[in-house]
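From a predicted model like this one, the values you see are computed outputs, not experimental measurements. For ligands, and for the atoms within them, numbers begin at 1 and follow the listed sequence. Counting begins at 1 with the first residue of the sequence.
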Amino acid sequence: MKKIIVTGGAGFIGSHTVVELAAAGFTPVIVDNFSNSDRSALEGLKKIIGSEPVCYAIDGNDYAAMEEMFRKEGDVVGAIHFAAYKAVGESVQKPIDYFRNNLNSLLVLMDLMVKYKAPNLVFSSSCTVYGQPEKLPVNEQSPILPAQSPYGSTKQICEEIIKQTTSVKQPLKAISLRYFNPIGAHPSANIGELPIGTPNNLVPFITQSAVGLRPPVTVFGNDYNTPDGSCVRDYIHVVDLAKAHVKALQLLDKAEGTTYYDVFNVGTGRGNTVLEVIKAFEEATGKKLGYKIGPRRSGDVEKIYAEVEKSRDGLGWQAELSLQDGLRDAWRWQQKLTNNA
Ligand code: UD1
């Protein structure tokens, strides 16, 4: 049973990845300071995997606490680093917080991975590194364009730190996974997304609007150069996304030598507009959704979706679930939250 540290393991993508790690025979060790996650995720995980995962309620920036965790756990073989600040708008207000938290926690983790000989790192990156792409779909060779926000900049810089560090002789191998737009929840509805306050992301806003917690959805702009004028994104089911992390760890484990770094897109290869997502939600759930058209949101990219050949051939991974699956599972999770409230 190979032990893997999962920073941010109580969060949305982290918790789903803990499920897939356990199913694949790994022993996940969660590190989470619960600043943007909830302890109830641990109970949800217990229902799915049969026992509560080991969890350290510590901050990834706290070197001493992280080192104590490495020492206690002993035979760790790698880490998946999810824990980070992730709100684009907030990052513009608090750039220093974003740079300090997102860069420093990575440095602490990498330092300890080298020291404690846990060589395999999977990093949570984002398609935001491509900025506003000129050519679609984007592949891993597409240019890294100027970041639109400090948040996006932290992802670019973290990727660069990992690339530089793994290119010199260090016992550290790494893969950055560039996520497109994660949606959905575990089909059991025991874990899912738990946004604090008003959701910034489209799908949690839709599900909260559908239960009456929020007003009708505002579509941010319908005058883009897209089939219906609203923005295009590549919506990937969180369970599919979680499975890509297991594949990445397995690839790292097999990689020869002590230095290895690669980058993979994790998307479906399909783009959908905001209006298509609203329609698909209505179809998948039978629930009518009110919406209105509003102005563009500043910083939004017009359209982006993934080229998926490299992850299919290199990782041996591809998305299996549909947009409808994601919306149905997100809705099931929202209904459970609402019924338990
Ligand atoms: C962005 C980043 C992504 C990052 C994420 C973090 C890009 C291409 N993507 O995702 O890397 O991880 O932020 O939050 O930079 N929308 C509405 N009404 C709403 C909410 C959203 O119309 O109430 C639209 C947006 O304009 C966008 C789409 O829905 O076109 C998806 O938005 P959102 O879920 O916020 O994700 P991104 O902005 O694509």
Side-chain angles (χ1 to χ4, degrees), residues 8 11-14 36 82-92 98 102 123-134 136-138 142 144-156 158-159 176-184 193-210 213-236 238 241 265-268 271-281 289-306 323 326-327 330:
F12 176 41
I13 307 172
N36 193 21
F82 292 103
Y85 292 159
K86 61 167 188 177
V88 176
E90 185 186 56
S91 78
V92 179
Y98 270 68
N102 292 6
F123 176 66
S124 284
S125 190
S126 166
C127 67
T128 195
V129 301
Y130 298 117
Q132 176 87 54
E134 275 163 24
L136 288 171
V138 282
S142 296
I144 301 296
L145 296 179
Q148 308 279 314
S149 68
Y151 159 77
S153 188
T154 67
K155 292 297 174 192
Q156 294 180 341
C158 285
E159 280 199 10
S176 292
L177 296 179
R178 292 179 178 156
Y179 312 153
F180 284 69
N181 287 58
I183 61 162
E193 201 165 1
L194 279 172
I196 295 174
T198 307
N200 293 310
N201 295 112
L202 178 63
V203 171
F205 196 99
I206 285 178
T207 60
Q208 290 195 9
S209 170
L213 272 175
R214 305 282 164 207
V217 179
T218 300
V219 176
F220 296 144
N222 69 345
D223 56 352
Y224 287 100
N225 181 24
T226 62
D228 59 31
S230 61
C231 292
V232 169
R233 295 288 183 276
D234 183 334
Y235 294 93
I236 170 89
V238 67
L241 176 54
N265 280 345
V266 190
T268 66
N272 287 100
T273 67
V274 178
L275 290 168
E276 284 167 355
V277 173
I278 291 173
K279 190 153 167 267
F281 178 82
L289 206 64
Y291 71 88
K292 61 179 191 204
I293 307 293
R296 291 181 174 196
R297 179 172 69 176
S298 90
D300 260 343
V301 165
E302 180 171 88
K303 46 188 170 211
I304 187 162
Y305 54 95
L323 174 64
L327 295 167

Review point. Looking at ligand 1, does any of its N/O atoms fall within less than 3.5 Å of an N/O of F220?
Key: yes

Review point. Which residue and non-hydrogen atom of the protein lie closest to atom 15 (O) of ligand 1, and at what distance in Å?
Key: T128 OG1, 3.4 Å

Check your understanding: Is a donor on one side and an acceptor on the other found under 3.5 Å between the side chain of E193 and the backbone of P204?
Key -> no

Review point. What is the closest protein heavy atom to atom 26 (O) of ligand 1, and at what distance does it sit?
Key: D300 OD2, 2.5 Å

Revision key, fill the gap. By side-chain contact (heavy atoms from CB on, under 4.5 Å), Q156 pairs with (sequence neighbours left out) V129, I144, A147

**Study point:** Structural part of Y151 in contact with ligand 1, heavy atom criterion under 4.0 angstrom
**Key:** side chain

Check your understanding: Considering only protein heavy atoms, which is closest to atom 9 (N) of ligand 1, and at what distance to one decimal place?
Key -> C127 SG, 4.3 Å

Exercise for review: Could you tell me whether V203 approaches ligand 1 through its side chain, its backbone, both or neither, with non-hydrogen atoms closer than 4.0 Å?
Suggested key: neither

Review point. Where is the nearest protein heavy atom to atom 31 (C) of ligand 1: which residue, which atom, and how far?
Key: Y235 OH, 3.6 Å

Practice item. Please list, chain by chain and in numerical order, all residues satisfying side-chain contact (heavy atoms from CB on, under 4.5 Å) with V88, sequence neighbours excluded. Key: S149, Y151

Point to revise | Atoms in ligand 1 with a heavy atom of C231 nearer than 4.0 Å | key: 30 (O)

Practice item. Considering only non-hydrogen protein atoms, determine which one is nearest to atom 34 (O) of ligand 1 and report residue, atom name and distance to 0.1 Å. Key: L202 N, 2.8 Å

Revision key, fill the gap. With L241 as partner, the option from I183, V266, L177 fulfilling side-chain contact (heavy atoms from CB on, under 4.5 Å) is V266

Point to revise | Minimum-distance pair of heavy atoms, taken over all atoms of C231 and Y224 | key: SG-CE1, 3.3 Å

Revision key, fill the gap. Among R297, R233, E90, closest by heavy atom to atom 38 (O) of ligand 1 is R297

**Study point:** Atom indices of ligand 1 within 4.0 angstrom of V219 heavy atoms, with elements
**Key:** 22 (O)

Check your understanding: Which residue owns the protein heavy atom closest to atom 6 (C) of ligand 1, what's the atom, and how far is it?
Key -> K86 O, 3.4 Å

**Study point:** Proximity winner for atom 14 (O) of ligand 1, if only heavy atoms of V217, N201, I304 are counted
**Key:** N201

Exercise for review: Without swapping roles, check the side chain of Y235 against the backbone of L327 for a donor-acceptor pair under 3.5 Å.
Suggested key: no

Exercise for review: For the pair K279 (side chain) and V274 (backbone), establish whether a donor and an acceptor sit closer than 3.5 Å, ignoring hydrogens and angles.
Suggested key: no

**Study point:** Non-hydrogen atoms of I13 and V238 that approach each other most closely
**Key:** CA-CG2, 4.0 Å

Check your understanding: Between T218 and ligand 1, which part of the residue brings a heavy atom under 4.0 Å of the ligand: side chain, backbone, both or neither?
Key -> backbone

Point to revise | Beyond-backbone contact of T207 with F281, side-chain heavy atoms, under 4.5 angstrom | key: yes

Review point. With a 4.0 Å heavy-atom cut-off (strictly under), which part of V274 contacts ligand 1: side chain, backbone, both or neither?
Key: side chain

Study note, to complete from the structure: for atom 10 (O) of ligand 1, nearest protein heavy atom and its distance come out as N181 ND2, 3.8 Å

Review point. Is a side-chain N or O of D234 found less than 3.5 angstrom from the main chain of A306, in a donor-acceptor match?
Key: yes

Review point. Between the side chain of N102 and the main-chain N/O of Y85, is any donor-acceptor distance below 3.5 Å?
Key: yes

Review point. Atom 3 (C) of ligand 1: which protein heavy atom is closest, and how many Å away?
Key: S126 OG, 3.7 Å

Study note, to complete from the structure: Short version for Y305: what comes under 4.0 Å of ligand 1, heavy atoms counted, is neither

Point to revise | From CA spacing to verdict: side chain to side chain donor-acceptor pair (under 3.5 Å), S125, E159 | key: CA-CA 7 Å; S125 190; E159 280 199 10; 2.6 Å; yes

**Study point:** Distance filter under 4.0 Å to V88 heavy atoms, resulting ligand 1 atoms
**Key:** 13 (O)

